[in-house]
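Sequential numbering from 1 along the given sequence is applied to the chain's residues. Predicted, not measured: the structure shown is a model, and the values here were computed from it.
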Amino acid sequence: MKQDLPPPYTALTRHPMMPRTSHDEAARFNFLTHFNRYVSGTLGAGNKLAYETRVLPAFRAEHGRDPEHRYEIRDAMNRDPFHRMWSALKRNSMEMRHMNGRQTVLRQLDELDAQARQFNEHSGLLELDASIAQPVYQTCVDIHCQPGGYHTEERPGDVTVGANYDVGLFATVGGALGALNDGGGQALVAWAKANKPDWQPERILDIGCTVGHNAVPIAQGFPDAEVIAIDTAGPTLRYAAARAAGLGVKNIKFVQANGEDLSRYPDNHFDWVQTTMFLHELSATAMPNILREAHRVLKPGGLILHVEQPQYGPDMPLFEQFMRDWDAFNNNEPFWSAMHGVELEDVMADCGFSHAEQFVVGVRAVVDPTIFPPSPEGEAEDYGRAAVWNAYGAWKKELAA
């Protein structure tokens with residue numbers, strides 16, 4: 001039981017840009033942290049029970065066969081009272097997380113905006129480009145139920161969306177990403193150093209960086225490297241750059257750019273191109289465009305690495321596919337299902353990374369174990385709620401001598 005208990009919200013590190021929470025705001029985040037763990041874990045197990053004891057027998061009786069794909073399971077489970085209740089709780093927990101986050105941020109927005117502006121005017125870590133158009137696939141829905149998505153402003157020059165994301169992520173993931181919400185980025189550094197200990201990349205590109213919680217640990221882990229973190233969302237980048245400056249990181253720059261057009265960078269420019277939980281946010285057109293550009297700007301012998309949830313395939317039970325698909329239909333993740341259903345290795349091969357260059361490896365968040373519980377091992381399946389991912393990568397082929 002102890003290992004399942006999330007840390008208190010007060011374990012979150014108070015970096016200079018982190019919005020301050022009142023007693024009541026912290027208490028709400030504490031509740032949501034525990035609530036998310038409970039709904040995903042303890043209550044979540046009831047979905048399989050409902051499927052095996054009610055939904056599957058009823059499906060067999062009606063159709064004379066087992067479900068043939070995850071969408072048939074979804075249609076059947078959406079009629080089950082337990083699954084409907086569980087889904088409502090999960091959706092409401094995300095909406096409550098954003099309500100509390102926005103309340104926390106908006107009451108101190110003047111101070112946050114002023115502090116971000118001060119950091120960004122003096123650090124040189126931010127480069128915005130007002131000509132960058134927001135992709136329609138990002139503007140057509142409030143991704144993750146974030147009001148207005150990640151690209152909107154309450155007023156010109158504000159940091160609301162980035163601050164809201166940062167202050168509430170701890171509750172969304174049940175504290176599983178650690179004190180700075182950066183356990184994923186720390187895991188990438190740990191993996192790179194363990195698998196290529198003498199590697200010293202000079203230039204690193206992080207695509208779809210959000211608030212930089214995955215890119216900043218890379219910059220810290222490779223202090224002699226130049227790290228470029230790009231995103232299309234200017235308001236999020238304002239917060240990200242100020243956050244990095246507040247943490248004292250100087251070898252990173254946040255640039256407003258679209259990964260589908262990296263023409264500002266020459267061929268064979270970066271030693272490492274990274275995306276973290278980003279590919280599933282992309283349309284079927286955008287993803288290969290970004291992968292082709294990533295291949296172009298990556299040096300021969302360089303690394304491309306995509307951290308994602310596991311791809312669906314014949315070895316993944318249909319019920320697990322259905323459960324992992326929940327975000328696509330209930331958490332405003334419109335491309336989740338399609339992206340995880342494709343053969344990512346084939347898509348990468350079509351974009352220049354041959355199958356022989358590719359690899360898949362498991363990645364687990366790196367956190368302080370004295371405070372934060374480890375992600376579940378073995379049979380403790382929570383269908384994507386844990387900070388445990390697959391990394392789909394490739395070492396770009398060296399040029400022939």
Side-chain angles (χ1 to χ4, degrees), residues 12-21 101-102 104-132 134 148 150-170 178-182 184-186 189 201-259 262 264-265 269-270 272 274 276:
L12 196 63
T13 295
R14 310 298 309 173
H15 62 74
M17 277 305 302
M18 178 63 75
R20 301 185 316 277
T21 50
R102 279 182 61 80
T104 300
V105 170
L106 291 177
R107 70 169 176 78
Q108 55 194 293
L109 187 55
D110 288 345
E111 179 182 341
L112 289 169
D113 281 352
Q115 185 148 306
R117 189 161 49 250
Q118 184 175 25
F119 274 126
N120 292 334
E121 286 175 354
H122 294 90
S123 71
L125 302 186
L126 178 64
E127 182 180 326
L128 296 182
D129 183 352
S131 71
I132 297 297
Q134 298 304 314
Y150 290 85
H151 62 283
T152 58
E153 298 174 312
E154 295 295 319
R155 60 191 183 190
D158 87 334
V159 297
T160 303
V161 289
N164 184 15
Y165 181 86
D166 200 21
V167 77
L169 184 58
F170 185 94
L180 280 170
N181 294 318
D182 66 352
Q186 290 193 43
V189 174
E202 295 177 357
R203 298 189 190 97
I204 301 170
L205 174 66
D206 185 275
I207 304 176
C209 64
T210 322
V211 298
H213 55 303
N214 296 306
V216 164
I218 295 175
Q220 293 170 319
F222 294 93
D224 294 327
E226 174 192 10
V227 179
I228 303 295
I230 71 169
D231 205 293
T232 61
T236 302
L237 290 172
R238 286 190 202 102
Y239 182 85
R243 178 182 181 275
L247 289 168
V249 180
K250 298 179 180 179
N251 62 319
I252 190 169
K253 191 166 189 177
F254 292 87
V255 178
Q256 189 171 10
N258 189 325
L262 298 174
R264 63 187 292 146
Y265 303 112
H269 187 67
F270 292 100
W272 179 357
Q274 176 66 38
T276 305

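In plain terms, the two heavy atoms of I252 and A244 that are nearest each other are CG2-CB, 4.1 Å. Minimum interatomic distance between V161 and Y150 (heavy atoms only, all atoms of both residues): CG2-O, 3.5 Å. For the pair Q256 and T232, the tightest heavy-atom approach, listed with the atom from each and the gap, is NE2-O, 3.0 Å. Taking all atoms of both residues into account, the shortest heavy-atom contact from F119 to A245 is CD2-CB, 3.8 Å. Considering all non-hydrogen atoms of both residues, A241 and F254 come closest at CA-CD1, 3.5 Å. In terms of heavy atoms, A116 sits closest to V159 at CB-CG1, 3.7 Å.
For the atom pair D110 CG and Q108 CD, the distance stands at 10.5 Å (nearest 0.5 Å). We find the CH2-CD1 distance between W272 and I218 to be 4.5 Å, quoted to the nearest 0.5 Å. M17 CE to E111 CD: the interatomic distance, rounded to the nearest 0.5 Å, is 9.0 Å. If you take CD1 on I228 and NZ on K253, they are separated by 7.0 Å, rounding to the nearest 0.5 Å. To the nearest 0.5 angstrom, H15 atom NE2 is 6.5 Å from L180 atom CG. The line from SG of C209 to CD of Q274 is 12.0 Å long, rounded to the nearest 0.5 Å.
Side-chain contact between T21 and L12: absent, with no pair of heavy atoms (C-beta onward) separated by less than 4.5 Å. A heavy-atom distance below 4.5 Å is found between the side chains of L109 and D158. Between Y165 and H213, some side-chain heavy-atom pair lies under the 4.5 Å cut-off.
Proximity of a side-chain donor or acceptor of N251 to a complementary backbone N or O of F222 within less than 3.5 Å is detected. Checked by atom type and distance alone, the side chain of D231 pairs as donor or acceptor with a backbone atom of T210 at under 3.5 Å.
R14 meets the side-chain hydrogen bond (donor to acceptor under 3.5 Å, both in side chains) test with no other residue; sequence neighbours excluded. With sequence neighbours excluded, the residues satisfying salt bridge (charged side-chain N to carboxylate O under 4.0 Å, His left out) with D166 are R243.
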Test side-chain contact (heavy atoms from CB on, under 4.5 Å) applied to V255 and R264, step by step: CA-CA 11 Å; V255 178; R264 63 187 292 146; 3.5 Å; yes
Intermediate values then yes/no, side-chain contact (heavy atoms from CB on, under 4.5 Å), T160 and R102: CA-CA 8 Å; T160 303; R102 279 182 61 80; 3.9 Å; yes
Derivation of the side-chain contact (heavy atoms from CB on, under 4.5 Å) call for H151 and T236: CA-CA 7 Å; H151 62 283; T236 302; over 6 Å; no
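Screening L112, V211, L126 against R238 for a side-chain contact (heavy atoms from CB on, under 4.5 Å) leaves a single residue, L126.
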